[in-house]
2 protein chains.
Amino acid sequence: MTQPIINIAFVDDHESVRTGIATFICRTGRINVQIEAKNGKDFLQKLSKADTIPDICLLDINMPVMNGYETQMELTKNWPQVKTLVLTSHDAELAICRMIGYGAKGFLVKSCNASEIEKAIISIYNKGIYHSELARSSLFNAILHKQIKLPNFTEQEMDVLRLCSTQLTYAEIAKKLDVSEKSVEGTRNSLFRKMNVTTRTALVLYAVELGLIPHHAPANSEL
Amino acid sequence: MTQPIINIAFVDDHESVRTGIATFICRTGRINVQIEAKNGKDFLQKLSKADTIPDICLLDINMPVMNGYETQMELTKNWPQVKTLVLTSHDAELAICRMIGYGAKGFLVKSCNASEIEKAIISIYNKGIYHSELARSSLFNAILHKQIKLPNFTEQEMDVLRLCSTQLTYAEIAKKLDVSEKSVEGTRNSLFRKMNVTTRTALVLYAVELGLIPHHAPANSEL
DNA sequence: TCTCACTACGGGGTTTTCCCCGTAGGAAAT
DNA sequence: ATTTCCTACGGGGAAAACCCCGTAGTGAGA
């Protein structure tokens with residue numbers, strides 16, 4: 001029997017990686033890369049202009065401008081027929097579970113064999129879901145079955161979070177945001193609660209892991 | 001005139017990325033991937049067993065087991081004829097400059113066009129060096145011309161650094177390392193000086209940026 | 001031999017972070 | 001209507017982080 005061509009979108013900020021993996025998975029003709037995009041915003045724009053909707057979306061989490069979380073939320077809301085395979089560079093359980101919670105259908109880390117990507121795409125196309133061996137974690141299942149609700153972060157919390165990942169003191173952060181130091185502490189406390197940490201250091205590391213803040217060196221540093 | 005085949009090594013922990021990019025750059029036959037490795041240790045082992053030495057090495061920085069820095073130091077010491085093209089996922093000036101300081105001949109971020117990788121390999125093969133537009137930074141040139149010496153980190157400093165990226169207090173870190181809290185503070189102070197920061201938060205972010213510590217969420221967290 | 005870097009500590013101090021306790025207004029959802 | 005969440009404050013206090021000031025031994029290298 002003839003197999004239909006699977007149309008995919010590939011959303012990743014690393015063009016060379018995209019081109020490379022696309023070259024590999026397209027070589028048999030079974031899979032066609034219909035849309036390539038370098039971040040979520042780029043993708044959603046191209047998607048809204050497209051004549052046909054791709055079957056599957058390979059989606060990275062950590063991207064500039066618009067990350068994988070926001071992209072997946074939009075996708076789930078407006079294009080639920082597009083099934084997402086999260087393809088991420090590091091095996092961060094939390095980040096992956098978050099994506100599953102937002103509606104992704106499968107995930108792979110980039111350290112997988114390239115053929116596995118094809119297998120996963122075909123599996124999602126046929127069965128609607130792809131479970132790698134990592135999917136056995138209890139956290140994963142709790143989220144999949146909606147037993148845990150994922151915390152969302154407000155604008156204020158994101159602002160404080162970003163400024164927490166600098167050398168600024170809370171007093172200085174307060175000045176930047178034009179609120180009192182007590183308010184900054186209050187917002188920080190809700191971040192602590194949501195992320196289940198107790199120190200600023202852990203908060204910031206956590207945010208980096210989740211891909212919520214970029215991890216660049218403090219501006220003043222020379223080496 | 002017939003062009004010689006360029007033999008390369010490709011060292012990156014993401015197998016799918018390696019396969020993908022390799023598929024792309026090998027398609028014309030000009031470049032041959034002679035060695036593939038998933039980290040520095042894996043690479044050096046394969047290199048020492050190889051009959052012929054590759055001309056060029058595509059080297060990632062952030063890898064498990066043995067990172068790009070250590071790998072490049074070994075390479076410069078024992079296989080100086082292998083010219084390194086650093087191929088890294090994020091444009092971290094500090095990390096790149098560090099690699100140049102250790103003897104790498106060029107660098108690219110993975111967000112480049114895949115064809116650029118070919119161009120860079122050929123440029124390094126012919127001219128010994130590849131300068132992307134990022135190479136104009138003053139830091140880059142200062143390091144290239146040995147005007148700045150790169151800090152190295154001692155075992156003790158690395159231990160403290162790793163423990164600093166947890167929720168542990170200095171007193172608890174001291175207990176773990178079986179030294180006094182004052183000693184921990186002393187080691188932390190030398191880390192502060194070397195990295196030119198003043199807070200633990202900045203120190204840890206910096207270390208993540210340099211790829212010196214893995215960025216995983218604190219163990220206790222649930223989400 | 002003399003310096004230099006690393007490690008290990010201590011005294012004594014300031015600043016920052018973190019943690020309680022509150023109050024209060026506004027917006028959204030039930 | 002009432003709850004729930006976000007935001008914005010404040011008082012007061014304990015703990016941690018940060019910053020000087022020292023001393024001292026060790027081992028590597030000039």
Side-chain angles (χ1 to χ4, degrees), chain A residues 73 77 146 148-207 212-213 218 220-221 223, chain B residues 73 77 101 146 148-208 212-213 218 220-221 223:
Chain A
M73 284 189 268
K77 206 203 302 182
K146 314 278 181 197
I148 291 180
K149 69 166 200 286
L150 294 158
N152 288 310
F153 304 101
T154 65
E155 296 252 332
Q156 191 69 18
E157 283 166 347
M158 288 304 295
D159 287 341
V160 170
L161 185 54
R162 265 184 290 270
L163 290 168
C164 275
S165 64
T166 64
Q167 304 210 71
L168 298 175
T169 64
Y170 291 131
E172 289 166 330
I173 293 172
K175 207 170 281 176
K176 282 226 174 198
L177 295 177
D178 201 33
V179 293
S180 81
E181 192 176 341
K182 283 293 179 180
S183 298
V184 173
E185 282 190 56
T187 308
R188 182 216 53 188
N189 281 338
S190 60
L191 284 165
F192 277 3
R193 255 180 286 111
K194 286 185 179 181
M195 297 211 186
N196 198 33
V197 294
T198 58
T199 66
R200 181 169 168 178
T201 302
L203 175 70
V204 165
L205 270 176
Y206 207 144
L212 294 173
I213 54 170
N220 73 317
S221 49
L223 198 70
Chain B
M73 284 190 268
K77 206 205 298 184
K146 313 283 182 193
I148 290 179
K149 68 166 201 288
L150 294 158
N152 288 308
F153 303 102
T154 65
E155 296 252 331
Q156 190 69 20
E157 283 166 348
M158 287 304 296
D159 287 342
V160 171
L161 186 53
R162 265 184 290 271
L163 291 168
C164 275
S165 63
T166 65
Q167 303 209 68
L168 298 176
T169 65
Y170 290 132
E172 290 166 329
I173 292 171
K175 208 171 277 175
K176 282 226 174 197
L177 296 177
D178 200 33
V179 292
S180 80
E181 193 175 342
K182 283 293 179 179
S183 298
V184 173
E185 282 192 55
T187 308
R188 180 216 54 188
N189 281 338
S190 59
L191 284 165
F192 278 4
R193 256 180 286 111
K194 286 185 180 181
M195 297 212 188
N196 198 32
V197 295
T198 59
T199 67
R200 181 169 168 177
T201 302
L203 176 70
V204 165
L205 269 177
Y206 207 143
V208 169
L212 293 173
I213 54 170
N220 71 316
S221 49
L223 198 68

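In what follows, chains are A, B, ... by sequence order, proteins preceding strands, each numbered from 1. Side chains included, hydrogens not; waters and symmetry mates left out as well; all remaining heavy atoms used.
- For B/Ser180 and C/dC9, the shortest distance from a side-chain N or O to OP1 or OP2 is below 4.0 Å.
- Rounded to whole Å, the distance from CG on A/Leu177 to P on D/dC9 is 11 Å.
- For B/Ser183 and C/dT7, the shortest distance from a side-chain N or O to OP1 or OP2 is not below 4.0 Å.
- No side-chain heavy atom of A/Glu157 sits less than 4.5 Å from a side-chain heavy atom of A/Val160.
- For the pair B/Leu168/B/Lys175, no side-chain contact is recorded, criterion being any heavy-atom separation below 4.5 Å from C-beta on.
- Between the CG atom of A/Asn152 and the P atom of D/dT4 there is a distance of 19 Å, rounded to whole Å.
- Per the geometry, CZ belonging to B/Phe153 stands 15 Å off C1' belonging to C/dA5, to the nearest Å.
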Trace of the side chain to side chain contact (heavy atoms under 4.5 Å, CB included) decision for A/Tyr206 with A/Leu203: CA-CA 5 Å; A/Tyr206 207 144; A/Leu203 175 70; 5.7 Å; no

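- Going from atom CD of A/Glu155 over to atom C1' of D/dA8 covers 17 Å, rounded to whole Å.
- The side chain of B/Thr187 contributes no N or O atom lying less than 4.0 Å from OP1 or OP2 of C/dC6.
- Side-chain contact check for A/Asn189 versus A/Arg193: some heavy-atom pair is nearer than 4.5 Å.
- Residue A/Leu205 holds its CG atom at 11.5 Å from CE of A/Met195, rounded to the nearest 0.5 Å.
- One can place CG of B/Leu191 at 15 Å from P of D/dA17, the figure rounded to the nearest angstrom.
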Under 3.5 Å between N/O atoms: give me all the protein pairs with nucleotides 13-18 of chain C, atom names plus distance.
{"residue": "C/dT17", "atom": "OP1", "partner": "A/Arg200", "partner atom": "NH1", "Å": "2.8"}
{"residue": "C/dT17", "atom": "OP2", "partner": "A/Tyr170", "partner atom": "N", "Å": "2.9"}
{"residue": "C/dC18", "atom": "OP1", "partner": "A/Arg200", "partner atom": "N", "Å": "2.8"}
{"residue": "C/dC18", "atom": "OP2", "partner": "A/Tyr170", "partner atom": "OH", "Å": "2.5"}
{"residue": "C/dC18", "atom": "OP2", "partner": "A/Arg188", "partner atom": "NH1", "Å": "3.4"}

